[in-house]
Amino acid sequence: MLTPATIARQAQFTVRQPLRVNFSAADAVKRLRVLKVGLTSHITFVLVTLTSAAAVLFCGFAWLASVKVDDISLRRQADFVGQGLEEQIKALPREQDSVTKWDDAFLYAKQRNHEWLLDNVGRWTSQYFGHDRTYIFDDSNRLMFAFRDGTDAMPPRLGSDDGEEMTALAGEMRAALAESAAKPGAAPLGQLSQVRTIMIGNRPAIISARPMLPSSTRMQIEPGQEFIAVSVKFIDGKVAENIAHYARLEGLRFALVKGPDERAQVPVASHDGGTIGYLVWPPIRPGFMLLKQIAPAGLGCLVILITAVFWLGRGLHRTSLTLLDSQAELTHHRNHLEEMVADRTAEIERQREELDRLLAHERHVNALQRQFVAMASHEFRTPLAIIDAAAQRLCRSTANVSGDYVREKAGVIRSAVVRMVGLMESILASGRLETGQITLKCSEGDLKALLAECCERQRPLSRSHVLHLDIEPIPDRLTFDRSAMEQVFTNLISNAVKYSPHAGDIHIRARTDEKMVEISVADSGIGIDAEDLPKLFQPYFRARSATGIAGTGIGLNVVKQVVELHGGRVEVRSELGKGTVFTILLPIERLSQGQQFAA
């Protein structure tokens with residue numbers, strides 16, 4: 001069946017392959033008019049069906065998720081209630097420990113000091129720990145102190161509802177003490193306790209018995225003479241409140257029978273394995289609560305969704321009509337695409353031309369590198385040949401060798417070595433500058449003294465030249481990279497000597513103003529052709545006037561980059577056959593502030 005999507009794809013195919021169209025735009029419009037009504041109804045039905053199915057699935061998933069969440073929540077509530085009950089049972093003997101392991105309590109109990117026991121045992125445990133009843137039995141197992149329901153029972157007496165249980169529990173505690181004393185390696189007496197969960201009358205309670213013992217070794221007690229303290233906490237009182245607070249539940253209470261929801265109750269077991277009742281609470285069902293809260297919004301969303309689907313069906317009808325109009329636009333888009341293809345083709349052609357240009361530049365760079373390698377090999381070979389020849393002459397002249405002869409040959413060797421070292425330094429410095437790996441390490445120093453040192457090192461290597469210095473205006477203290485600036489001065493001075501073989505005077509001058517330090521190196525040598533001056537600082541470039549003179553074309557490039565890293569610039573003036581002047585301009589403000597410069 002022909003659909004709008006099929007027609008659109010065929011229209012796109014028409015744009016790509018205009019000569020393969022088998023039907024006209026008018027035919028496509030007619031077919032769309034025939035199919036639009038049925039297509040609209042079919043798609044609307046599918047959308048309504050899918051929407052209804054999605055709504056049913058969503059509701060079922062929400063219900064299942066709420067049931068699962070409620071089940072997990074109720075299990076956690078029961079776990080917290082059980083843990084709270086267990087903690088309350090364990091807490092009772094720990095709370096008794098504050099009054100049963102105490103020198104004063106043991107002493108005053110022996111003395112039967114009723115007022116002290118009333119204040120420090122009965123009222124203390126009742127007000128601080130919430131004990132409902134506290135009893136103390138003497139060493140003959142007779143009741144000597146009773147505090148019941150916040151009131152002093154005087155004379156001491158047991159209640160009608162708990163008399164048998166208290167007496168029996170005290171007897172069990174005394175039997176456990178006797179057994180522990182007779183058994184070597186048994187637990188200390190202070191750690192013994194007897195805890196029960198029982199019914200006192202119609203109320204569930206936790207009872208605990210602990211011996212009253214001294215807390216220090218100053219007092220001694222004979223086995224069988226212990227006093228026994230018994231405490232009672234009713235589960236349906238303060239205990240239930242503590243459990244409810246622990247479990248973060250409201251309405252928790254004790255019931256003798258099971259509650260309506262099996263999952264919202266925890267049985268309270270007695271010491272003999274039976275059940276004395278249940279802790280019940282109104283269950284918290286977060287899933288059901290969430291469903292109740294979102295139900296109105298969910299119904300509203302469902303109504304909105306159905307309305308939106310109906311609206312989409314009507315929109316589909318309008319869209320089908322819009323497709324007819326879109327057919328006319330396809331031809332326009334086809335022409336526009338052809339124009340875009342033409343523009344893109346032109347752009348690709350321009351990119352190809354740019355790539356050709358870059359390739360030609362790369363080939364030129366490779367040619368320069370090959371030229372440099374050949375030139376460097378030649379430059380290294382010349383000083384090595386000089387060193388080898390001087391060394392051979394020294395080896396052959398084993399006899400009658402004068403000191404002047406040795407000094408002459410040593411000077412030749414040293415000059416060749418200095419030339420090789422300078423060549424190596426220039427190559428390494430150029431490589432570091434080109435890769436951006438050089439960082440100037442500036443420090444405060446005397447630039448004038450450095451320039452003078454470079455001149456002094458040059459004098460023994462070129463005795464036929466005279467270096468004239470006029471550098472007093474240079475400030476005494478500036479911040480610069482000593483090694484880099486030393487290379488700059490050495491390159492300029494050695495070039496002045498090398499390219500003025502028959503003009504012995506080299507003038508090195510300096511002047512300063514408020515902004516700049518200007519240092520010039522001038523010679524009266526072979527000079528440089530005017531056409532070569534713009535290319536003079538390019539790597540590996542050598543002027544035509546330097547033909548036949550050793551050199552690599554690296555030194556001036558290094559000079560330019562080092563000076564620019566210091567914030568300055570290099571200028572050159574030259575006339576062929578009359579000499580050359582190189583001028584370095586350095587900013588005083590930056591050199592005085594000690595700023596760091598990096599490549």
Side-chain angles (χ1 to χ4, degrees), residues 8-21 25 326-379 423 426-440 491 495 527-547 549 551-574 576 580 582 585 597-599:
R9 288 196 296 272
Q10 290 177 352
Q12 293 174 0
F13 183 78
T14 301
V15 174
R16 294 191 296 268
Q17 303 288 343
L19 298 179
R20 297 184 182 182
V21 177
S326 299
Q327 180 65 34
E329 296 178 2
L330 288 176
T331 302
H332 172 72
H333 290 318
R334 179 185 62 189
N335 297 333
H336 179 63
L337 286 174
E338 289 176 354
E339 293 176 358
M340 291 178 62
V341 169
D343 293 340
R344 184 59 179 164
T345 302
E347 178 65 21
I348 292 174
E349 183 64 23
R350 287 193 296 271
Q351 292 179 357
R352 185 188 63 78
E353 293 174 358
E354 178 66 13
L355 288 175
D356 291 341
R357 186 188 66 79
L358 294 175
L359 180 60
H361 176 71
E362 183 67 21
R363 289 173 177 170
H364 176 67
V365 171
N366 290 337
L368 287 178
Q369 290 179 347
R370 288 193 297 270
Q371 177 185 356
F372 167 73
V373 170
M375 180 172 52
S377 300
H378 173 74
E379 291 299 323
L423 183 61
S426 297
I427 293 173
L428 293 176
S430 176
R432 289 194 297 268
L433 287 169
E434 288 179 358
T435 58
Q437 296 177 351
I438 184 171
T439 300
L440 298 183
N491 281 336
N495 281 352
I528 303 171
D529 191 272
E531 296 180 359
D532 292 338
L533 286 178
K535 305 176 184 178
L536 194 61
F537 295 99
Q538 294 180 2
Y540 316 129
F541 178 80
R542 302 203 69 212
R544 284 171 290 182
S545 59
T547 303
I549 300 176
T552 62
I554 296 175
L556 290 180
N557 177 257
V558 173
V559 168
K560 179 177 181 294
Q561 295 197 52
V562 169
V563 171
E564 289 178 351
L565 287 176
H566 281 81
R569 67 181 187 274
V570 182
E571 297 178 352
V572 58
R573 302 192 312 274
S574 182
L576 193 64
T580 304
F582 284 93
L585 300 170
F597 313 100

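Since this is a predicted model, take the numbers as computed values, not measurements.
Scored by the salt bridge (charged side-chain N to carboxylate O under 4.0 Å, His left out) test, Glu349 finds Arg352 as partners (sequence neighbours excluded). Scored by the salt bridge (charged side-chain N to carboxylate O under 4.0 Å, His left out) test, Glu354 finds Arg357 as partners (sequence neighbours excluded). Residues forming a side chain to side chain contact (heavy atoms under 4.5 Å, CB included) with Arg350 (at least two apart in sequence, or on another chain): Ala346, Glu347. Residues passing the salt bridge (charged side-chain N to carboxylate O under 4.0 Å, His left out) test with Arg569 are Glu571, sequence neighbours excluded. Evaluation of the side chain to side chain contact (heavy atoms under 4.5 Å, CB included) rule for Ser574 yields Ile528, Leu533, Thr580 as partners, not counting sequence neighbours. Applying the side chain to side chain contact (heavy atoms under 4.5 Å, CB included) criterion to Glu362, with sequence neighbours excluded, gives Asn366.
Here the shortest heavy-atom pairing between Ala530 and Pro534 reads O-CD, 3.6 Å. Between Asp529 and Leu576, the closest heavy-atom pair is N-CD1, 3.9 Å.
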Exercise. Does the pair Glu339 and Asn335 meet the rule for a side chain to side chain donor-acceptor pair (under 3.5 Å), with working shown?
Worked result: CA-CA 6 Å; Glu339 293 176 358; Asn335 297 333; over 6 Å; no
Exercise. After noting the C-alpha distance and the side-chain angles of Lys560 and Leu556, does the key distance pass the side-chain contact (heavy atoms from CB on, under 4.5 Å) rule?
Worked result: CA-CA 6 Å; Lys560 179 177 181 294; Leu556 290 180; over 6 Å; no
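A 4.5 Å side-chain heavy-atom check between Arg334 and Leu330 finds every atom pair outside the cut-off. Side-chain atoms of Phe582 and Asn491, non-hydrogen and from C-beta on, never get closer than 4.5 Å to each other. When side chains are defined from C-beta on, Arg344 does not count as touching Met340, because their heavy atoms never get closer than 4.5 Å.
Rounding to the nearest 0.5 Å places CG of Leu358 at 11.5 Å from CD of Gln351.
Annotation: Glu353, atom CD; neighbour count of heavy atoms from other residues, nucleotides and ligands within 6.0 Å is above 12.
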